[in-house]
Amino acid sequence: MNNNMKKIYDILLKEYGLQGWWPILDYIGENPTKTGSISGYHQGDYSFPRNDDERFEICAGAILTQSTAWTNVEKALLNLKKRNVLNEKGIIKLSHGKLKELIRPAGYFNQKAKKLKKFAEFYIKMDGKTPHRDELLDVWGIGPETADSILLYAYKVPSFVVDAYTRRIFSKLGMIDNKSTYDEIKSMFEDSLDRDYRIYQEFHALIVEHAKRCYSKGGDECMLQKQLIK
DNA sequence: AACCAGGACGTGA
DNA sequence: TCACGTCATGGT
């Protein structure tokens, strides 16, 4: 009762387990392969990103997955990785046309090519420094959710990610109404949880997992919904 | 064969 | 401010 949010987190965690987000491309020998095929999800390991390439990969994935299924994003990331351009210098070096071609499967490729270019410039300008949220929001193509995803998963900054699933689930639970702003919802979570990036990471991933099971077509398993309300 | 996916931007009112 | 159209591929 005092802390519904923590209770909901515990229920989801118990039900679905650690999610191990953000997914990172995997390797078979030297060859990059899609996330999750071996261990792209890294349950219980919070050491990611382990290097600068992985950090940039997370950022690029956050941009490419805007309103797009992850399976499509993987194809784009793999295209970039295989050409060794899944990094800031590579993105800068590519022509717009070539970049569009490589990220085509992720959809919205005209916009996303521009977004990746803009972000790569920003990334170089940051020179390894952790960006502030406002700085990310000033980059063309980066809105609140993408900014928070980058902060939380690429930089381990405890900045809660609010997405469409979060709205659906928690408005269904009566904890937010449809006129709530992004920042209001974000604050609701941050005010009632320990300021721990690991919890923020897992919670957002659990919300996505729960929504996919309960709010997609053929979504059953929604008895969980009843547990959550208590 | 419509519908939608881990959003953000541009526009008009 | 805010509601609404637009962007695009690949799954069901």
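Protein chains get the first letters and strands the later ones, always in sequence-line order, with residue 1 at the start of each. All heavy atoms count here, side chains included; hydrogens, waters and symmetry mates do not.
Clustering ILVMFWY residues whenever any of their side-chain heavy atoms sit less than 4.5 angstrom apart, transitively, puts A:Phe48 in a cluster other than the one holding A:Tyr27.
As rounded to whole Å, 10 Å separates atom C1' of C:dC7 from atom CZ of A:Phe109. Rounded to whole Å, atom P of C:dC7 lies 15 Å from atom CZ of A:Arg104. Going from atom CG of A:Leu77 over to atom C1' of C:dT9 covers 15 Å, rounded to whole Å. Following rounding to the nearest Å, A:Glu209 (CD) and B:dA5 (P) show an atom-to-atom distance of 15 Å. Regarding A:Leu64, its CG atom lies at a distance of 13 Å from the P atom of C:dA8, rounded to whole Å. Rounded to whole angstrom, the span from the NZ atom of A:Lys112 across to the C1' atom of C:dC7 amounts to 9 Å. What separates CD1 of A:Ile103 from C1' of C:dG10 is a distance of 15 Å, to the nearest Å.
Secondary-structure stems of DNA chain B, taken as three or more successive Watson-Crick or G-U wobble pairs (i with j, i+1 with j-1) under a 3.5 Å distance threshold, comprise B:7-13 with C:1-7.
An OP1 or OP2 oxygen of B:dA5 is reached within less than 4.0 angstrom by a side-chain nitrogen or oxygen of A:Arg168. For the pair A:Asn110 and C:dA8, the criterion of a side-chain N or O lying under 4.0 Å from OP1 or OP2 is met.
Tested against A:Gln66 for a side chain to side chain donor-acceptor pair (under 3.5 Å), the candidates A:Glu145, A:Lys115, A:Gln111 yield a single pass: A:Lys115. Residue A:Glu202 is tested with A:Trp21, A:Tyr197, A:Tyr9, A:Tyr46 for a side chain to side chain donor-acceptor pair (under 3.5 Å); the sole match is A:Tyr46.
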In 5'-to-3' order, the base (B), backbone-only (S) or no-contact (-) status of each nucleotide in nucleotides 7-13 of chain B, using a 4.0 angstrom heavy-atom cut-off, is BSSS---
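Taking atom P on both nucleotides, C:dG5 is separated from B:dC4 by 15 Å, rounded to a whole Å.
Residues from residues 189-198 of chain A with heavy atoms under 4.0 angstrom of DNA chain B: there are none.
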